[in-house]
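This report concerns only the one structure given below.
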Amino acid sequence: MNILDIIENKKVGKELSDEEIEYFVQNYTNGKITDYQAAALIMAICINGMTQDEILALTMSMANSGDILDLSDISENIVDKHSTGGVGDKITLIVAPIVAALGIPVAKMSGRGLGITGGTADKLESIPGYNINISIDEFKQNIKDIGISLITQTMNLAPADKKIYALRDTISCTNSMPLIASSIMSKKIAAGAGSIVLDVTCGSGAFMNTKEDAKKLAKLMALIGKLAKRETVCVLTDMNEPLGYSVGNTVEVVEAIHALKGNMAEDVKDVVLNMCIQMMNLSGLYPNALDNKYKVMEVIENGKAFEKFRELVIRQGGDVSYIDNPEKFEKAPIIMPVLSEEDGYVEELDAGKVGKAGLELGIGRKQKEDPIDYRVGLIFNKKIGDEVEKGDVLAYIHANSPEKAMECVERIKDAYKIGDRKITKKNIIEII
Ligand code: URA
């Protein structure tokens, strides 16, 4: 077998065999297949798609590219969560400590930023000292000792996804259903949790722009979960507007800290509550579903969720003084307001346009090895449904140069649509 034949087969739209898929995954992971050959195959998959059988084979080969953890000796109730990606999506940083504070162990492997969507791994790394690359033994020990660990793909856990994910990010192959499903589910299967809750985003700031496509992706991942014997529930959420008030790395960590102390934007709260409730249901530890919402609010109000986040940060080497005093996070040198040019209501804040503006600011990567500037980002003063007057601050740009800030001002102005209708938005679309 050789990679050129495999690329050729996919290029002309043929179905790849399990052996061909396994050959590609193994040999790209071990470095025998080059980035440019892998890029050619990934692009062909992106264009020509994959059958269900191919997607299942790709997922299992990627999961098996490293260890598959068995966490059953730690707990039978471990639940994992994942989002298909979004702009301003800081949900993991809030949900994981809440659920862990409720006594449900959380073992989660997150990715870095992908395309216009941010990555939990990058956000965690913006906390000085936080180590997302701990060993598997430490990962397991953390779950045993404090009921939570948040890491990224490693050389032992889903290493194929680590490489394919970084490659896709820089060759415009992020919004492919087979590649998203195999990427997410290979990580979830490898991380060892018995049940999984997926936040499947849809809208201009998501990889799936329509509800129909998001549903298709959700059903595909639920099927993979079922075949891998992981109970999987999908929550379809809106991603036409960025989630919450911030987009970036440190700015989102700071928003998550406030959220864990009870100060949560309405859209964030909606998604957080729904994700927590589904995770509680799947854990088997909270049979009285009607109480779940109150239990979530309780661990926020009594400080246990925030304390769990502190514990996690300390445990993974982070400097907790930043969590206790978020003003310590280094700020970008330029902070520039975006002003409204008219009176009315915010009818649109286009997450896709915001995501592209953020990428230009340096929130994410254009090249695989690009460093990212954790300080840069966007803070929104006005969101959909808010009333504005001419001259009001719509948003603040946190940039590392005046040129980038000015360019971003124009992009953000273009993302807003001010009109005369007061719109109310639905954040949770469907549960599958
Ligand atoms: N999250 C992932 O882990 N992978 C994707 O491809 C998209 C979102």
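We count ligands from 1, going down the list as the structure has it; atoms in each ligand are counted the same way. Numbers here are sequence positions counted from 1. Just so it is clear, the structure is predicted and the values come from calculations on it, not from any experiment.
For F380 and Y245, the distance between ring centers is not under 6.0 angstrom.
Nearest heavy-atom pair, S65 versus T29, reported as atom, atom and distance to 0.1 Å: CB-OG1, 4.2 Å.
A distance limit of 4.0 angstrom between heavy atoms and ligand 1 selects the residues H82, S83, T84, L114, Y165, R168, I180, S183, I184, K187, F207.
Donor-acceptor pairing under 3.5 Å is recorded for the side chains of Y28 and D35. Side chains of D373 and N400: a donor-acceptor N/O pair is present below 3.5 angstrom, by distance only.
Just one residue in the list K353, K417, K425 forms a salt bridge (charged side-chain N to carboxylate O under 4.0 Å, His left out) with E241, and that residue is K425.
Residues forming a side chain to side chain contact (heavy atoms under 4.5 Å, CB included) with N263 (at least two apart in sequence, or on another chain): H258.
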